[in-house]
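This is the structure I want to talk about, given as structure tokens.
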Amino acid sequence: MQSVIRWGIIAALSALLAFTAIAVIDPTILGKFYLRSGDVYVFDGVAGPAHDSVIPVPQITHWEEFSSGETSRLAILLTDPDSAWLSLAHGLKSVGIPFVITDDPQRALQHQVVMAYPRISGRVLAAGSLQALGAHVRNGGTLIGVNVLGGGLQKVFGFDDVRATREHTVVRFDPEHALAADFTTPEEREIRIATATHREKTIGAHEYLGTRNPALATYANGAAAVTWREYSGGHAYALGFDPGLLLQKAHGYRLEGVAPAYVNVFEPSLDVILRLIRNFYRRGEPGAVTLQPVPWNKSLSVNVTHDIDYNESLANSVEYARMERELGVTATYFIQTKYVRDWNDEIFFNDRSVDHLNSLSELGMEIASHSVSHSKVFSRFPLGTGRERYPEYVPYVYEERSTYDGTVMGELRVSKFLLDHFSDGEPVVSFRAGYLEYPFSLAQALDATGFAYDSTITANNVLSHLPYRLNHERGGDAQVDVWEFPVTIEDERPPALPDRLDQAIDVARKIARYGGNFVLLIHPNVTGEKLEFQRALISELKSIAWFGSISEFGKWWQARDSVAIDSWLDQRTLRVRVHAPMIISGLTLEIPAGFELVLPQHDAIASVQAERVVLQEFDGQIELVFRKIR
Ligand SMILES: [Zn+2]
């Protein structure tokens, strides 16, 4: 309130000055009445960045970009391009399913496994195409129908009728069904898709009525949410909710509150849906090869991260980094470039502290940005001009809910410039906002200012433990070159950190069952018991997990996202082609059961274990040949 009054006075004064035509007083200087001498730390001779950032305009992503690939892949038969297909595509990439998108039913039906998306009805598919989809399952193919609303295919899927509703908030899986057998925890058996308390956080869903078989999954009222029907070799599944729309909403941080807790617990709702689609695919395509989400065939990826947003933290960081170095772990240090003294805190980014940056770099740690102002209203900042520069850029936190002169571009550009300037390591590419503040413009602003990886959202708010690619404006039609790595465990919520070591380990082990990502956030405001918690957690997970910084894992994940997998099964021989446009090491393939690697027997292969093949560092193309042994 106080700031409103002050601004009112300024506005009145400005108007008065303009009226009296005293043009020499710059209203922006007048606006900085709150600054006292010494409130801005000016490094001698440091100014920048020299270049401007271009304010991003959305580049609409076309589904045709995902249309090439062989018939071994999952075919998405797109029945309405005005749908959440892009988020579905991002989810399929995250879980590692190779796919193509086509709007041509004839082309889709060349694939063994076809997913008709976002709906099947007589309006979106011609009669001949509907008949051909029915014939596909009778001839041994797999058809996954999303929102099967009509078109006469009810009998093919094994139900009589369909009812639209917005009332459902959970989906329950039948643990007796083979395709849901790996959903063993309560959080996997009952997943969350909406909340009843917010209208905008509900999702249009369909109940299938008069089902021939017990449902694979039901809503809370017992109505069928996912149906199944078997043919000789063929399978038909109907989903009553739109997995792409759910992914789009959750990835866009629009389903906050759907999970009962926002952080620190296991919340796999989206991952269960993606794993279900993977189960459909692997069952229906005998040559299915999918990509594991963790490097080097480990069960879990772990990113140890720190937020430096307090004046003692930078010095403490070096102690954390030494311990991490000793344990062979590279961590990420999100550092607030705090050169403005304000309501939040003293200045702690100055000549005395910047030496610590090089200590962290020398210990192999990643230097990343935690913004300039660490404002609680960052998500309401204007985008800015892309011309913000140090030291003129002075975002000032006046009080908890009021910050002057902050912009999204300024927070990103200026913090990156200073961190790049004062550390001699790799360029800064990772960002985390304070207080989980997530402006709508964040993804495109990160892209425009040279960042590629973000770790601001919590895994529980996003209903997933898998990283994913971001879209412009938290929307669904324009992807950007930025990936999100949601925070799993933080250190500030009660109970105190040392009392929840077992809980954190338990969450990690549950995520490890399907190769998810575990991001640990520790504030190095103190050492002592937090340091010991971290040591114990790392030691416990060391044998099952791959550890790396956000940028290390981000680069790997980005490279994995671009990998193309195709296969050809001929009698007893399975040929697999792996194409990696970006260099990647430790890529792990999951191959069908009962095959043995014949070729190549050379240095492209790191190891072969049961149904997993681990590849050495490579880029370009590798061909693998397997022989069926049973
Ligand atoms: Zn912070």
Side-chain angles (χ1 to χ4, degrees), residues 184-188 192 259-272 293-295 298-309 313 316-317 319-321 323-334 365-366 432 435-436 455-467 484-550 552-553:
T184 54
T185 64
E187 296 88 346
E188 291 164 298
R192 290 137 296 281
Y262 86 87
V263 72
N264 294 339
V265 298
F266 181 51
E267 176 45 76
S269 295
L270 292 187
D271 306 342
V272 166
V294 187
K298 290 285 190 175
S299 304
L300 182 73
S301 58
V302 177
N303 310 120
V304 175
T305 72
H306 303 287
D307 289 1
I308 286 93
D309 48 23
S313 295
N316 287 343
S317 293
E319 203 171 324
Y320 278 84
M323 185 260 271
E324 285 148 1
R325 175 70 180 258
E326 176 199 317
L327 295 174
V329 167
T330 307
T332 298
Y333 288 78
F334 291 101
M365 303 298 145
E366 180 192 7
R432 173 178 291 149
Y435 306 107
L436 313 179
S455 181
T456 296
I457 304 185
T458 58
N460 297 168
N461 274 343
V462 89
L463 307 172
S464 172
H465 297 287
L466 291 170
E484 183 74 32
F485 299 83
V487 176
T488 319
I489 301 286
E490 58 71 73
D491 60 346
E492 292 184 326
R493 300 275 298 168
L497 205 52
D499 298 333
R500 48 187 169 99
L501 179 63
D502 290 346
Q503 187 195 334
I505 292 167
D506 180 59
V507 170
R509 291 200 176 278
K510 283 174 177 162
I511 299 170
R513 290 183 38 255
Y514 60 92
N517 176 223
F518 183 93
V519 176
L520 175 68
L521 158 57
I522 304 261
H523 293 79
N525 57 327
V526 293
T527 51
E529 56 186 22
K530 281 194 182 180
L531 200 67
E532 288 317 307
F533 171 92
Q534 184 178 307
R535 184 193 295 279
L537 187 64
I538 292 173
S539 307
E540 183 69 28
L541 300 178
K542 201 76 213 240
S543 61
I544 62 162
W546 177 91
F547 285 83
S549 67
I550 293 286
E552 281 175 330
F553 189 49

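Everything quoted here is computed from the prediction, not taken from an experiment. We're numbering straight along the sequence, starting at 1.
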Practice item. Give, for atom CG of Leu520 and atom CD1 of Ile538, the distance between the pair rounded to the nearest 0.5 Å. Key: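 Reported to 0.5 Å precision, the distance equals 7.5 Å.
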Exercise for review: Would you name the heavy atoms of Pro495 and Arg500 that are closest together and state the gap between them?
Suggested key: O-NE, 2.8 Å
**Study point:** Within-4.5 Å side-chain heavy-atom neighbours: Val487 and Arg432
**Key:** yes
**Study point:** Inter-residue atom distance Thr458.OG1 - Leu436.CG, 0.5 Å rounding
**Key:**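 Between Thr458 OG1 and Leu436 CG, I get 6.0 Å after rounding to 0.5 Å.
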Practice item. Answer whether the closest heavy-atom distance between the side chains of Phe533 and Ile522 falls below 4.5 Å. Key: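 Phe533 vs Ile522: side chains touch.
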Review point. Quick one: are the ring centres of Phe266 and His465 less than 6.0 Å apart?
Key: yes
Exercise for review: Mind listing the closest non-hydrogen atom pair of Gly515 and Val294 along with its distance?
Suggested key: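 Looking at all heavy atoms of both residues, the shortest contact is O-CG2, 3.3 Å.
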**Study point:** Donor-acceptor pair between Thr185 and Arg513 side chains, under 3.5 angstrom
**Key:** no
Practice item. Report yes if the side chains of Pro486 and Val519 come closer than 4.5 Å at any heavy-atom pair, otherwise no. Key: no
Exercise for review: Report the C-alpha distance between Ser301 and Asn517 in whole Å, list the side-chain angles of each, state the deciding distance to 0.1 Å, and finish with yes or no for side-chain hydrogen bond (donor to acceptor under 3.5 Å, both in side chains).
Suggested key: CA-CA 5 Å; Ser301 58; Asn517 176 223; 2.9 Å; yes
**Study point:** Residues forming a salt bridge (charged side-chain N to carboxylate O under 4.0 Å, His left out) with Glu552, sequence neighbours excluded
**Key:**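 Not a single residue meets the salt bridge (charged side-chain N to carboxylate O under 4.0 Å, His left out) criterion with Glu552.
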Review point. In chain order, what residues pass the side-chain contact (heavy atoms from CB on, under 4.5 Å) check against Asn316, with sequence neighbours excluded?
Key: Glu312, Pro524, Thr527
Review point. Does a donor on one side chain sit under 3.5 Å from an acceptor on the other, for Asn264 and Glu490?
Key: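 Glu490 and Asn264 do have a side-chain donor-acceptor pair below 3.5 Å.
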**Study point:** Closest approach of Asn460 to Ala261 (non-hydrogen atoms, all atoms of both residues)
**Key:** CB-O, 3.1 Å
Review point. Should Val302 and Trp546 count as side-chain neighbours, where that means a heavy-atom distance under 4.5 Å?
Key: no
Exercise for review: Return the minimal non-hydrogen interatomic distance between Leu300 and Gly516, and the atom names on each side.
Suggested key: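 Taking Leu300 first and Gly516 second, the nearest heavy atoms are CD1-O, 3.5 Å.
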Practice item. Check whether any side-chain heavy atom of Glu492 sits under 4.5 Å from a side-chain heavy atom of Leu521, and report yes or no. Key: no
Practice item. Taking the side chain as every heavy atom from C-beta outward, state whether Ser269 and Glu188 have any atom pair closer than 4.5 Å. Key: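 They are not in side-chain contact.
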Exercise for review: Test Lys530 against Asn525 for side-chain contact (heavy atoms from CB on, under 4.5 Å), laying out the working first.
Suggested key: CA-CA 9 Å; Lys530 281 194 182 180; Asn525 57 327; 2.8 Å; yes
Practice item. State the NZ-CD1 distance between Lys298 and Ile544, to the nearest 0.5 angstrom. Key: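 CD1 of Ile544 is found 9.0 Å from NZ of Lys298.
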Review point. Val265 and Gln503: side-chain contact (heavy atoms from CB on, under 4.5 Å), yes or no, with the steps?
Key: CA-CA 8 Å; Val265 298; Gln503 187 195 334; 3.9 Å; yes
Exercise for review: Check step by step if salt bridge (charged side-chain N to carboxylate O under 4.0 Å, His left out) holds for Glu540 and Arg535.
Suggested key: CA-CA 9 Å; Glu540 183 69 28; Arg535 184 193 295 279; over 6 Å; no
Exercise for review: Kindly give the heavy-atom pair with the smallest separation between Ala504 and Phe518, and that separation in Å.
Suggested key: O-CE1, 3.8 Å
Check your understanding: In Å and rounded to the nearest 0.5 Å, what is the OH to NE2 distance from Tyr320 to His306?
Key ->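 Atom-to-atom, Tyr320:OH and His306:NE2 are 7.0 Å apart.
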Point to revise | Minimum-distance pair of heavy atoms, taken over all atoms of Ser317 and Tyr333 | key: O-OH, 3.5 Å
Point to revise | Note, Phe334 side chain near Ile550 side chain (heavy atom, < 4.5 Å) | key: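 They are in side-chain contact.
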Review point. Any donor and acceptor pair, going by atom type alone, linking the side chain of Lys542 with main-chain N or O of Leu327 inside 3.5 Å?
Key: yes
Check your understanding: What distance separates Met365 CE from Thr332 OG1, expressed to the nearest 0.5 Å?
Key ->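 Output value for this atom pair is 9.5 Å.
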Review point. Run the side-chain contact (heavy atoms from CB on, under 4.5 Å) check on Asn303 and Ser455 step by step: do they pass?
Key: CA-CA 10 Å; Asn303 310 120; Ser455 181; over 6 Å; no
Review point. Does the side chain of Lys510 reach to within under 4.5 Å of the side chain of Glu267, using non-hydrogen atoms?
Key: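 With C-beta onward as the side chain, the pair stays apart.
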Check your understanding: What do you reckon, is CD of Glu529 surrounded by more than 12 foreign heavy atoms closer than 6.0 Å?
Key -> no
Check your understanding: Going from CD on Gln534 to CD on Glu324, what distance comes out if it is rounded to the nearest 0.5 angstrom?
Key ->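 Here the interatomic distance stands at 4.5 Å.
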Review point. Is there a donor-acceptor contact under 3.5 Å from the side chain of Glu366 to the main chain of Thr330?
Key: no
Check your understanding: Under the side-chain hydrogen bond (donor to acceptor under 3.5 Å, both in side chains) criterion, do Arg509 and Ser299 qualify, and how do the steps go?
Key -> CA-CA 9 Å; Arg509 291 200 176 278; Ser299 304; over 6 Å; no
